[in-house]
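The structure appears right after this line, and notes come after that.
Below, all heavy atoms of this structure are taken into account, side chains as well, without hydrogens, waters or symmetry copies. Counting starts at 1 for both ligands and their atoms, in listed order.
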Amino acid sequence: MSKTIFSKIISREIPANIVFENDQILAFHDINPKAPVHILIIPKEEIETVRQIDGSKHAGLLGAMIDAANQIAKEQNIYEDGFRLVFNCGENGGQEVYHLHLHLLGGRAMKWPPG
Ligand code: AMP
């Protein structure tokens with residue numbers, strides 16, 4: 001599998017507006033935001049989709065991604081009002097970049113059901 005744009009952001013081959021980083025995770029502003037706050041939280045490990053997640057192996061990583069989302073939501077002042085976390089998976093899920101990413105969306109009221 002060729003390198004995705006997110007792997008190139010991790011390796012700093014292409015720039016991004018990074019808001020959070022630790023040894024496991026990177027988070028940066030979405031280049032085409034769908035809400036006033038739209039941040040992508042990604043693992044540094046190359047995982048294509050949610051389908052490759054094994055709960056027994058990746059529970060710690062997923063917990064760390066949620067921890068990062070809560071911390072970033074506080075820093076972006078969307079924590080108290082609420083926000084949405086989304087994993088798109090595969091074609092019908094609307095996934096465009098095949099490197100696992102958690103969308104953190106906030107700053108406005110979200111509609112349900114999603115489109
Ligand atoms: P998805 O449709 O779930 O795969 O979401 C991919 C997201 O990545 C979209 O919201 C894009 O706007 C975003 N995106 C694509 N390229 C970049 C980039 N270079 N920097 C930041 N976000 C990007």
Side-chain angles (χ1 to χ4, degrees):
M1 188 90 186
S2 63
K3 239 182 165 187
T4 68
I5 197 135
F6 292 173
S7 291
K8 291 179 184 169
I9 288 173
I10 293 167
S11 63
R12 306 305 204 262
E13 287 167 68
I14 64 165
N17 186 353
I18 293 170
V19 294
F20 178 94
E21 182 168 22
N22 66 19
D23 58 336
Q24 282 185 299
I25 291 166
L26 191 69
F28 48 89
H29 286 273
D30 195 293
I31 205 166
N32 182 15
K34 315 303 188 290
V37 176
H38 187 177
I39 287 165
L40 302 172
I41 299 162
I42 71 172
K44 290 186 174 175
E45 181 183 346
E46 285 189 23
I47 301 169
E48 281 183 28
T49 81
V50 167
R51 291 184 289 232
Q52 280 72 47
I53 294 286
D54 173 346
S56 62
K57 184 179 165 198
H58 295 114
L61 174 65
L62 291 176
M65 290 173 75
I66 300 290
D67 285 347
N70 277 322
Q71 182 182 319
I72 296 162
K74 285 177 187 164
E75 290 165 359
Q76 298 286 328
N77 293 314
I78 59 170
Y79 184 80
E80 295 299 335
D81 286 344
F83 50 87
R84 183 170 289 178
L85 297 175
V86 176
F87 284 111
N88 293 326
C89 180
E91 195 176 341
N92 274 4
Q95 185 172 3
E96 290 171 2
V97 179
Y98 280 77
H99 182 120
L100 188 74
H101 50 282
L102 180 60
H103 294 260
L104 167 62
L105 297 143
R108 66 169 170 81
M110 300 293 153
K111 293 190 172 64
W112 193 263

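- In terms of the ring pair (Phe, Tyr, Trp, His ring centres under 6.0 Å) criterion, residue partners of His38 (sequence neighbours excluded) are, by chain and number, His103.
- The N/O atoms of Ile5, backbone and side chain alike, include none that comes under 3.5 Å of an N/O atom in ligand 1.
- Atoms CD1 and CE, on Ile42 and Met65 in that order, are 8.5 Å from each other to the nearest 0.5 Å.
- Once rounded to the nearest 0.5 Å, the distance linking OH of Tyr98 with CZ of Arg51 reads 6.0 Å.
- Within the listing of ligand 1, atoms 12 (O) sit less than 4.0 angstrom from a heavy atom of Asn32.
- Those atoms of ligand 1 that come under 4.0 Å of a heavy atom in His29, given as number and element, are 21 (C).
- The shortest separation from a heavy atom of Ala16 to ligand 1 is not under 4.0 Å, leaving the residue out of contact.
- Under a 4.0 angstrom heavy-atom cut-off, Phe6 registers as being in contact with ligand 1.
- Once rounded to the nearest 0.5 Å, the distance linking CD of Glu96 with CD of Glu91 reads 11.5 Å.
- Asp30 pairs with exactly one of Leu40, Ile39, Leu105, Val37 by the side-chain contact (heavy atoms from CB on, under 4.5 Å) rule, that one being Leu40.
- When each atom of ligand 1 is checked for a heavy atom of Lys34 under 4.0 Å away, the hits are 10 (O), 12 (O).
- Looking at His103 against ligand 1, only its side chain comes within 4.0 Å, counting heavy atoms.
- Note that CZ of Phe87 is 8.5 Å distant from CD1 of Ile41, once rounded to the nearest 0.5 Å.
- At a 4.0 Å heavy-atom cut-off, ligand 1 touches Asn88 through the side chain alone.
- Distances between N or O atoms of Ile31 and those of ligand 1 include at least one value under 3.5 Å.
- Interface atoms of ligand 1 facing Phe28, defined by a heavy-atom separation under 4.0 Å, are 21 (C).
- If you look at Val86 next to ligand 1, there are no close heavy atoms at all, none under 4.0 Å.
- Counting heavy atoms from C-beta on, the side chains of His58 and Pro43 never come closer than 4.5 Å.
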Using a 3.5 Å cut-off and no angle test, enumerate the donor-acceptor pairs between side-chain atoms of residues 17-29 and protein atoms at least two apart in sequence or in another chain.
from	atom 1	to	atom 2	distance (Å)
Glu21	OE1	Arg12	NH2	2.7
Glu21	OE2	Lys44	NZ	2.7
Asn22	OD1	Gln24	N	2.9
Asn22	OD1	Ile25	N	2.8

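- Atoms of ligand 1 found under 4.0 Å from any heavy atom of Val97, numbered from 1 in the order shown, are 4 (O), 6 (C).
- Distances from atom 3 (O) of ligand 1 to the heavy atoms of His101, Glu96, Gln95, Lys8 put His101 nearest.
- Among protein heavy atoms, the minimum distance from atom 2 (O) of ligand 1 is reached at Gly94 O, 2.9 Å.
- For the atom pair CD1 (Ile66) and CG (Leu102), the distance works out to 5.5 Å, reported to the nearest 0.5 Å.
- In this structure, CD1 in Ile72 is found 6.5 Å from CG in Leu104, a value given to the nearest 0.5 Å.
- Among all non-hydrogen protein atoms, the one lying nearest atom 7 (C) of ligand 1 is Asp30 OD2, 3.5 Å.
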